[in-house]
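Read through the structure below, which is laid out as structure tokens, and then see the notes.
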2 protein chains.
Amino acid sequence: MTDRQKMFMQFIDKFIRDNGYSPSVREIAKGMGLSSTASVKNMLDRLTQSGALRRTENIARGLEKPSHGIPVLGRIKAGLPVTSEENVEGYIRLDKPIGDDHFFLRVDGDSMKDKAILDGDCVLIRLTNQVTSGQMGAFRINGEVTLKTFERTSAGVFLMPANPDFAPIPVGEYDDFRVIGTVKMVIRALEGGYDIEPA
Amino acid sequence: MTDRQKMFMQFIDKFIRDNGYSPSVREIAKGMGLSSTASVKNMLDRLTQSGALRRTENIARGLEKPSHGIPVLGRIKAGLPVTSEENVEGYIRLDKPIGDDHFFLRVDGDSMKDKAILDGDCVLIRLTNQVTSGQMGAFRINGEVTLKTFERTSAGVFLMPANPDFAPIPVGEYDDFRVIGTVKMVIRALEGGYDIEPA
DNA sequence: TCCATAGACGAACAAGTGTTCGCCTATGAA
DNA sequence: TTCATAGGCGAACACTTGTTCGTCTATGGA
């Protein structure tokens with residue numbers, strides 16, 4: 001990609017970030033200091049052809065930047081620059097839409113620390129009442145919400161902590177018990193990485 | 001929001017997901033089985049006014065769905081439905097753009113397990129060579145990339161594991177050493193939650 | 001009954017918008 | 001030199017698109 005093409009991409013990218021919709025041909029022309037819309041169309045065609053941009057023809061503001069997410073590097077091959085293509089194992093799409101049956105539960109306390117979940121971590125919960133033995137999830141028991149591992153044994157149902165300082169919680173027939181959802185992901189933000197926006 | 005309004009939102013949402021740009025008034029009309037664009041405009045005005053939709057007037061395909069991310073629930077107040085407004089402590093925007101100076105490093109091995117980072121976890125690294133003592137980061141030493149805590153003491157510089165089975169790595173004057181970046185976030189996907197897309 | 005609100009019709013208008021066509025310049029490789 | 005490629009101009013064209021206006025129906029209070 002040429003420098004000029006990078007400049008176009010940056011402009012389009014920023015425009016989309018700022019406005020939530022892509023720029024029109026004339027807006028790009030203006031932003032890039034061009035007087036002809038044909039020049040823009042040429043450039044868009046080049047960018048589309050090289051795969052840097054996705055676009056639906058004849059559609060107003062039909063530009064998309066084909067983000068494939070943030071690269072995941074696995075074993076890094078010696079000799080190569082760290083972020084080079086050869087090291088990429090895959091991508092994680094942080095912009096992938098998640099249905100509104102998901103929410104994060106902020107972990108309070110160390111009761112799951114042996115499962116590497118710490119106080120302050122956020123666990124992504126998917127709302128469901130389907131839970132199998134051994135699965136981690138969020139549960140409400142007698143009015144209190146807790147993060148535990150669900151265990152069904154011959155001795156009954158238990159909510160198991162992952163910390164010897166805490167005792168398993170037996171779920172009796174007369175307890176007010178509800179499965180809230182299962183844990184799909186654990187996120188821990190360090191030193192101001194991904195922050196939580198106030199409500 | 002009325003049922004009809006929800007149907008509009010769903011249509012628009014799906015359209016954006018499918019196409020990467022928002023539908024035009026006429027496309028909405030067609031999709032909702034309406035014959036007049038005025039009906040659509042009425043509805044869009046209602047949705048915009050109630051805050052369900054964001055939109056720039058007079059701009060083609062200028063619709064946005066105002067996602068404020070995934071809610072984070074902290075201490076859940078008893079008596080309330082779990083996902084009710086009152087429980088929301090904040091939001092995490094998974095669709096927040098991250099610059100391309102970030103990448104994920106897939107953790108290989110248990111050398112940081114006492115810091116609650118497990119084999120297979122993904123750590124978000126921000127490329128930088130600024131690192132202070134006590135900070136966790138990715139380092140290259142003698143051709144090998146490793147995730148460790150950086151420690152500068154009177155005895156010299158060390159890369160500290162968080163696992164008694166591993167020994168600190170002293171960084172000597174003649175070692176080939178480079179700071180790759182610092183850890184901003186830890187992500188662990190459980191049972192097919194957020195998956196890694198193949199490269 | 002009166003009235004506000006949600007929802008809808010159809011036609012016409014005024015911008016907005018992508019595309020095309022012919023032509024031009026500069027750069028770098030063959 | 002010759003040629004391919006990136007980048008650009010300006011005007012004209014045709015289609016897309018949001019908006020407006022008057023009118024209508026149904027529903028659910030007050």
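Proteins come first, then strands; the chains are lettered A, B, ... in the order of their sequence lines, and each starts at number 1. Because only heavy atoms are used, hydrogens play no part in the values below, and waters and symmetry mates are left out as well, while side chains stay in. Computed from a predicted structure; not experimentally measured.
Taking a 4.0 Å limit (strictly below) on heavy-atom distances, residues 38-48 of chain B reaches DNA chain D at Ala38(B), Lys41(B). Residues of residues 17-35 of chain A that place a heavy atom closer than 4.0 Å to DNA chain C, in numerical order, are Ser24(A), Val25(A), Arg26(A). Annotation: proximity of residues 50-66 of chain A to DNA chain D (heavy atom, distance under 4.0 Å) is found for Ala60(A), numbered in ascending order.
Between Phe150(A) and Val157(A) there is a side-chain heavy-atom pair separated by less than 4.5 Å. Side-chain atoms of Ile12(B) and Pro23(B), non-hydrogen and from C-beta on, do get closer than 4.5 Å to each other. In this structure the side chain of Leu73(A) reaches within 4.5 angstrom of the side chain of Val88(A), judged on heavy atoms. Using a 4.5 Å cut-off on side-chain heavy atoms (C-beta onward), Ile180(B) and Phe139(B) make no contact.
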Please tabulate, one pair per line, all N/O donor-acceptor pairs under 3.5 Å involving side-chain atoms of residues 28-40 of chain A, not counting sequence neighbours.
{"from": "Ser36(A)", "atom 1": "OG", "to": "Ala38(A)", "atom 2": "N", "distance (Å)": "3.1"}

Side chains of residues 3-10 of chain B: which donor-acceptor partners sit under 3.5 Å, not counting sequence neighbours?
none

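Taking 4.0 angstrom as the limit, Thr37(B) places none of its side-chain polar atoms (N or O) nearer than this to OP1 or OP2 of dG10(C).
Sorted by first and then second residue, the pairs that involve residues 110-128 of chain B and meet salt bridge (Lys or Arg N to Asp or Glu O under 4.0 Å), not counting sequence neighbours, are Asp101(B)-Arg126(B), Asp121(B)-Arg188(B). For residues 37-55 of chain B, every residue pair satisfying the salt bridge (Lys or Arg N to Asp or Glu O under 4.0 Å) rule, not counting sequence neighbours, is listed here: Lys41(B)-Asp45(B), Arg54(B)-Glu64(B).
Leu147(A) and Phe177(A) sit in two unconnected hydrophobic clusters of ILVMFWY residues. Membership requires side-chain heavy atoms under 4.5 Å apart, directly or through other members. Ile141(A) is connected to Val179(A) through a chain of hydrophobic side-chain contacts under 4.5 Å among Ile, Leu, Val, Met, Phe, Trp and Tyr, so both are in one cluster. The cluster map of Ile, Leu, Val, Met, Phe, Trp and Tyr, joined by side-chain heavy atoms under 4.5 Å apart, puts Phe15(B) and Leu44(B) in the same cluster.
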Intermediate values then yes/no, side chain to side chain contact (heavy atoms under 4.5 Å, CB included), Val186(A) and Val186(B): CA-CA 8 Å; Val186(A) 183; Val186(B) 182; over 6 Å; no

Hey, mind stepping through Val183(A) and Leu124(A) against side chain to side chain contact (heavy atoms under 4.5 Å, CB included) and telling me if it holds? CA-CA 6 Å; Val183(A) 175; Leu124(A) 181 66; over 6 Å; no

Using a 4.0 Å cut-off on protein heavy atoms (strictly under), produce a 5'-to-3' string for nucleotides 24-30 of chain C with B for base contact, S for backbone-only sugar-phosphate contact, and - for none. -------

Generate the contact string for nucleotides 25-30 of chain D. Rules: B means base contact, S means sugar-phosphate contact only, - means no protein heavy atom under 4.0 Å. ------

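Taking the side-chain hydrogen bond (donor to acceptor under 3.5 Å, both in side chains) definition, one finds that Asp18(A) meets it with Lys14(A), sequence neighbours left out. Listed by chain and number, the residues in a side-chain contact (heavy atoms from CB on, under 4.5 Å) with Gln135(B) are Glu191(A), Val131(B), Thr132(B), Thr182(B) (sequence neighbours excluded).
Inter-axis angle, ends of the helix from dT1(C)-dA30(D) to dA30(C)-dT1(D), five pairs per end, rounded to 10 degrees: 30°.
Listed for the Asn19(B) side chain is no donor-acceptor partner under 3.5 Å among the backbone atoms of Tyr21(B). Panel note: side chain Ser22(B), backbone Arg61(B); a donor-acceptor pair is recorded below 3.5 Å.
The CZ-C1' distance, from Phe15(A) to dT17(C), rounds to 13 Å in whole Å.
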